[in-house]
Amino acid sequence: MSAAGDIMTIACVSAGGFFFLAGTVGLLRFPDTLTRLHALTKADNLGLGFVVLGLLPQAGSLRDGLKLISIWMFALLAGATVSQLIARTVRQNGSAT
């Protein structure tokens, strides 16, 4: 690969790792379930997006790149669905801590 592709990969994967770390810190520090859920889903989705963006130049073919993007899309869909279910359960039970 080229040096520019390698630099982009390092920068984007590092940015993704930073967002994963920020989401974990939010999960541990925020006071209630809904704010923890918000911090975790937003940061993880953005972190995974940066990781996928960084890995795209390293993909060997168009098919591999499409696989990476589809994995990211499935993770976005799963994260949104699960966070909606958790938030609905918390709101119905009334305990957000």
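Computation of the quantities below employed the complete heavy-atom set of this structure, encompassing side-chain atoms and omitting hydrogens, waters and symmetry-equivalent molecules.
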Asker: Please round to the nearest 0.5 Å and tell me the distance separating atom CZ of R36 and atom OG1 of T33.
Answerer: 6.0 Å
Asker: Check side chain to side chain contact (heavy atoms under 4.5 Å, CB included) between T35 and all other residues, then give those that pass, not counting sequence neighbours.
Answerer: F30, P31, D32
Asker: Can you tell me how far CG of N93 sits from CZ of R88, rounded to the nearest 0.5 angstrom?
Answerer: 12.5 Å
Asker: Tell me, which pairs form a ring-ring contact (aromatic ring centres under 6.0 Å, His included) where one or both residues lie in residues 65-91, sequence neighbours left out?
Answerer: none
Asker: Who pairs with A75 by side chain to side chain contact (heavy atoms under 4.5 Å, CB included), at least two apart in sequence or on another chain?
Answerer: L48
Asker: Mind listing the side-chain donor-acceptor pairs of residues 7-23 below 3.5 Å, one per line with the distance, residues two or more places apart or on another chain?
Answerer:
{"unit_1": "T9", "atom_1": "OG1", "unit_2": "G5", "atom_2": "O", "d": "2.9"}
{"unit_1": "T9", "atom_1": "OG1", "unit_2": "G54", "atom_2": "O", "d": "2.8"}
{"unit_1": "T9", "atom_1": "OG1", "unit_2": "Q58", "atom_2": "NE2", "d": "3.0"}
{"unit_1": "S14", "atom_1": "OG", "unit_2": "I10", "atom_2": "O", "d": "2.7"}

Asker: Listed by chain and number, what are the side chain to side chain contact (heavy atoms under 4.5 Å, CB included) partners of L40, not counting sequence neighbours?
Answerer: L27, D44
Asker: Examine L34 and V82 and state if one hydrophobic cluster contains both, with Ile, Leu, Val, Met, Phe, Trp and Tyr joined whenever side-chain heavy atoms are less than 4.5 Å apart.
Answerer: yes
Asker: Which ILVMFWY residues are connected to L62, directly or by a chain of links, through side-chain heavy atoms under 4.5 Å apart?
Answerer: L66
Asker: Which heavy-atom pair separates G26 from A39 by the least distance, and what is that distance?
Answerer: CA-CB, 4.2 Å
Asker: Roughly how far, to the nearest 0.5 Å, is CG of L46 from OG1 of T41?
Answerer: 11.0 Å
Asker: Between L68 and L56, is a side-chain contact (heavy atoms from CB on, under 4.5 Å) present by the stated rule, with each step listed?
Answerer: CA-CA 7 Å; L68 286 170; L56 282 176; 4.1 Å; yes
Asker: Can you tell me how far CG of L28 sits from OG1 of T24, rounded to the nearest 0.5 angstrom?
Answerer: 7.0 Å
Asker: Can you sort out the partners of K67 under side chain to side chain contact (heavy atoms under 4.5 Å, CB included), two or more places apart, ordered by chain and number?
Answerer: R63, D64
